[in-house]
Amino acid sequence: MNISAFAKKLGLLIASLVLVVGSFFMSATSASADTVTVKMGSDGGQLVFDPKVVTIKVGDTVKWLNNKAFPHNIVFDGHEELSHKKLAQKPKAELESTFNEAGEFSYYCSPHRGAGMQGKVVVQ
Ligand SMILES: [Cu+2]
């Protein structure tokens, strides 16, 4: 085998290695993204998000489950992309937002804001 054929083979080997390693990391990243569930309305029927504060990682998803005392909605002031302003009317309806940046994101339920129905998502 001359040098250039060897270099070509080596190049191919490296290219496929990069592909394999790259796809491994991509699948590892998506596999580690979690979904955390927050109940809208406690089991006891209180106008709260349960749990009120959740801590997640960048890329994780929060799923809000219509539990009790609905309708509810999710409003993040200044973050339309995270909000679900349309009222969830049906029992067990689910709303989801994925958080792709770190920070603290406070939200509330607009019909129950006065009753203190608010929560926070801490993204680390
Ligand atoms: Cu509400």
Side-chain angles (χ1 to χ4, degrees):
M1 197 191 310
N2 63 33
I3 296 288
S4 77
F6 176 73
K8 207 171 171 183
K9 265 209 151 132
L10 193 69
L12 269 174
L13 186 73
I14 289 170
S16 56
L17 205 66
V18 166
L19 215 71
V20 168
V21 171
S23 61
F24 171 77
F25 275 108
M26 274 172 71
S27 62
T29 303
S30 63
S32 71
D34 292 324
T35 298
V36 175
T37 301
V38 175
K39 291 176 185 171
M40 298 189 287
S42 69
D43 289 343
Q46 285 179 292
L47 293 170
V48 294
F49 291 107
D50 182 23
K52 186 173 184 177
V53 179
V54 290
T55 301
I56 61 172
K57 303 182 301 293
V58 170
D60 286 353
T61 296
V62 175
K63 179 169 83 184
W64 289 273
L65 182 70
N66 218 12
N67 188 42
K68 291 280 172 74
F70 34 88
H72 302 294
N73 68 357
I74 303 292
V75 181
F76 288 88
D77 278 335
H79 287 281
E80 292 291 323
E81 77 284 7
L82 300 173
S83 299
H84 298 274
K85 291 186 174 171
K86 191 165 180 278
L87 288 168
Q89 306 277 4
K90 291 182 182 161
K92 305 291 171 204
E94 294 176 358
L95 309 172
E96 282 189 3
S97 295
T98 299
F99 293 77
N100 293 315
E101 54 172 317
E104 295 194 3
F105 302 87
S106 293
Y107 65 95
Y108 56 87
C109 165
S110 52
H112 301 131
R113 192 182 191 181
M117 188 170 179
Q118 51 192 295
K120 184 157 75 170
V121 179
V122 179
V123 187
Q124 292 180 330

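Indexing begins at 1, ligand by ligand and atom by atom, following the structure's order. All of these numbers come straight from a predicted model, not from anything done at the bench.
- Taking a cut-off of 2.8 Å, the protein N, O or S atoms nearer than that to the Cu ion (ligand 1) are H72 ND1, C109 SG, H112 ND1, M117 SD.
- In the model, Y107 has no side-chain atom that pairs as donor or acceptor with a side-chain atom of D77 under 3.5 Å.
- Electrostatic pairing of K68 and D43 does not count as a salt bridge here, judged by no charged N lying under 4.0 Å from a carboxylate O.
- Classification of the F105-F76 ring pair by plane angle, with boundaries at 30° and 60°, yields perpendicular.
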Any chance you could lay out the salt bridge (Lys or Arg N to Asp or Glu O under 4.0 Å) test for E94 and K63, step after step, and finish with the verdict?
CA-CA 6 Å; E94 294 176 358; K63 179 169 83 184; 3.8 Å; yes
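- Evaluation of the ring pair (Phe, Tyr, Trp, His ring centres under 6.0 Å) rule for H84 yields no partner, not counting sequence neighbours.
- There is a side-chain donor-acceptor pair under 3.5 Å between N73 and S110.
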